[in-house]
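Right, one structure below, let's go through it.
FYI, side chains are in, hydrogens and waters are out, and symmetry mates aren't considered; it's all heavy atoms of this structure.
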Number of protein chains: 2
Amino acid sequence: MNLEWLTLFVDVAYRGSFAATARERNLDPSSVSRTIADLEVALGLRLFQRTTRKLALTEAGERYLAGIEPILDELNRAQEYAHASVDSPRGTLRLTASATFGLRCIVPLLAEFRERYPELRVEGLFTDDNVDLVAERIDLAIRLSPQIEGNYVATQLMKTRYRVVASPDYLGRSPALVKPSDLTAHRCVLLAVRAYQRRWVFRDNMGNMTEVPIEGDLVLSPAASVQVAALAGIGPALLPDWLVDEDIAAGRLLDLFPSYSVAATMFDTGAWLIYPSREFLPKKVRVMIDFLKEKIRRT
Amino acid sequence: MNLEWLTLFVDVAYRGSFAATARERNLDPSSVSRTIADLEVALGLRLFQRTTRKLALTEAGERYLAGIEPILDELNRAQEYAHASVDSPRGTLRLTASATFGLRCIVPLLAEFRERYPELRVEGLFTDDNVDLVAERIDLAIRLSPQIEGNYVATQLMKTRYRVVASPDYLGRSPALVKPSDLTAHRCVLLAVRAYQRRWVFRDNMGNMTEVPIEGDLVLSPAASVQVAALAGIGPALLPDWLVDEDIAAGRLLDLFPSYSVAATMFDTGAWLIYPSREFLPKKVRVMIDFLKEKIRRT
DNA sequence: ATTCATTCGTGCATATTCCGCATGAGCATA
DNA sequence: TATGCTCATGCGGAATATGCACGAATGAAT
């Protein structure tokens, strides 16, 4: 059965004529005749009594008309009700990011986001665990990576530089740290990610690469713990700029090799916004993407 | 949009899998995939978020599901509600017959019909005027005719013989009426139908036809009036057996030429039950047809 | 880390359905 | 009685739906 059959049936019932209904809908009368006949077969009911030149609803037809007219209205309302959740920034936005990125970069912005979109509820899943985006019904994910592969749409939020930092207190009581290879004489604070624990790679302005093996007896997670440890003077640490630039600006930490690019895995990494598809993108996702880009690019 | 799409959507939403839904419905998974994609385009909404191996309703999808599930139930109920009017003898049956046939042959039976079908309401339109069966929403018509043509289904209810009758009182004070041609000496009571007013045709047992020109200064309608006039001794009248047999049996009228078949138009006429179609015949029409055949054939 | 099995998406060909045209039968009106 | 219009139906072409085959992706098992 086709919904179009039902709306046609209602139309014919009110016009009292196949031919008039056909004219109004720019159809051939034969199509109207067949469609009504098909509907009668599908229902197992005679809906209209008709001869040439005359047409009248049967009793069953009147009952069926009474039954489906509200239903057709409800179908439209169901579509509008579903649309309401995506056409304006309302409902619930489920957002995921790594624990530290979420905590330091996203959470501080949510007060203003709430001001701007009072009807939108945000559920932030900030974890370093692997998150199943489909099963968790995630609307928007933030991933820290050189690049994003897979079927999801990815738009870069920001580029990330990593810095080797230590506190002034630590530096005042430790062997000199002038060039990267000096790190071998220090016990570093390490992030609990395998790729971050063996060696750090330095690239100078000329593009020369230096790979420095590092050691450390303190391996922490999440990245914020490593930051706190560095601030406490426990040792040098490799941390992203979005995490430590404020401490550096305030003199709480020092960027030990500012003229180098440093990476534990790959250079040219960054934070990416990831969402399932540009097609049928709910407004709530759109506004969060725009908001984050606006806020994070301003800093 | 197709209702099948909607039921498929509900199915997928509950099974959480295109492939599982396809198996259950004996479809190819590609058809399920396309159907859901078509529904999403028609609605302008993403209903499911999916990758390979994972499928979850979106918020809009959940809302739409909540909206249409009751609607699908209502559609079934609308069909059942419409069917209820035809699947059992209830509702209103609109019946038409000629004024006299309705009054004398149908009305006396309606008390028993009501006993038998208490939930069925009968509207009898007994008139000698031409009745538009479609416009008047007639379920069942009774027509007196040699045969029925046209698109309607016709089943014969009874055969009709016409009789020339007069009252004993009239005969006692009038010229002898021995053979049909004797009628030319009498002023007859005529039915106000053109075909009944010029000549009556007599057919004897051997098949010999005699056409007798008749005259009368009293032309009445409906046929019951002619009967009453004959009973009052005003003159001979040509009337159908179902109208006068009781008077004959009681001696109130005499059949003047019982060994002849008489007709004003054609012989071998009868009463026919006429209804629009055997297909999708409502129960109420069926039971009335069966009832009339049972009752009228018993008398 | 690799392999395997399964899911969802899509191109292509085929089957099915829908639609308009033409025509006929029937009916109401002039 | 003739005419014009409605509804029904055969037929052919256009549009849509479906299955098959295949590929990409993913989760589970090894």
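- Contact check for A:R23 versus A:R15: no side-chain heavy atoms found under the 4.5 Å cut-off.
- Reading DNA chain C from its 5' end, the first and the last nucleotide to sit under 4.0 Å from a heavy atom of chain A are C:dC18 to C:dA28.
- Within the structure, the salt bridge (charged side-chain N to carboxylate O under 4.0 Å, His left out) test picks out no pair touching residues 68-79 of chain B (sequence neighbours left out).
- Using a 4.0 Å cutoff on non-hydrogen atoms, the parts of residues 6-18 of chain B near DNA chain C are B:S17, B:F18, ordered by number.
- If you check residues 25-33 of chain B against DNA chain D, the residues with a heavy atom closer than 4.0 Å are B:N26, B:L27, B:D28, B:S30, B:S31, listed by number.
- Toward the 5′ end of DNA chain C lies the nearest nucleotide of B:A19, the other residue of the pair A:W5 and B:A19 mapping further downstream.
- Residues passing the side-chain contact (heavy atoms from CB on, under 4.5 Å) test with B:P240 are B:T160, B:Y162, B:W242, B:L243, sequence neighbours excluded.
- Atom SG of B:C105 is separated from atom CG of B:L144 by 8.5 Å, given to the nearest 0.5 angstrom.
- For DNA chain D, the contact window with chain A, defined by any atom under 4.0 Å from a protein heavy atom, covers D:dG4 to D:dA25 in 5' to 3' order.
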Ignoring hydrogens and angles, write down the donor-acceptor pairs under 3.5 Å from the side chains of residues 91-99 of chain A, residues two or more places apart or on other chains.
from, atom 1, to, atom 2, distance (Å)
A:R94, NE, A:E136, O, 2.7
A:R94, NH1, A:E123, OE1, 2.4
A:R94, NH2, A:E136, O, 2.9
A:R94, NH2, A:E136, OE1, 3.3
A:T96, OG1, A:L125, O, 2.6
A:S98, OG, A:F101, N, 3.3

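- Put simply, the side chain of B:L47 does not reach to within 4.5 Å of the side chain of B:V12, judged on heavy atoms.
- Contacts of A:F9 classified as ring pair (Phe, Tyr, Trp, His ring centres under 6.0 Å), with partners at least two apart in sequence or in another chain: A:F48, A:Y64.
- Between atom CD of residue A:Q49 and atom CG of residue B:D139 there is a gap of 9.0 Å, rounded to the nearest 0.5 Å.
- Counting heavy atoms from C-beta outward, A:E40 and B:E279 have side chains that stay 4.5 Å or more apart.
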Using side-chain contact (heavy atoms from CB on, under 4.5 Å), reason through A:E62 and B:R137 one step at a time and then give a plain yes or no. CA-CA 12 Å; A:E62 285 197 328; B:R137 309 274 302 277; 3.6 Å; yes
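- By the 6.0 Å contact criterion, CZ on A:R198 is open, its count of non-hydrogen atoms from other residues, nucleotides or ligands being 12 or less.
- Each of B:R34 and B:Y152 lies near DNA chain C, and the nucleotide nearest B:R34 is the one positioned closer to the 5' end.
- The side-chain hydrogen bond (donor to acceptor under 3.5 Å, both in side chains) test applied to A:S277 returns B:R46, not counting sequence neighbours.
- For A:V219, the side-chain contact (heavy atoms from CB on, under 4.5 Å) test picks out A:L190, A:A192, A:Q197, with sequence neighbours left out.
- Near DNA chain D, meaning a heavy atom under 4.0 Å from it, residues 46-57 of chain B has B:T52, B:R53, B:K54 in order of number.
- In this view, B:V153 and B:Y275, B:R278 satisfy the side-chain contact (heavy atoms from CB on, under 4.5 Å) rule, not counting sequence neighbours.
- Here the CG atom belonging to A:L39 is positioned 9.0 Å from the CG atom belonging to A:L8, to the nearest 0.5 angstrom.
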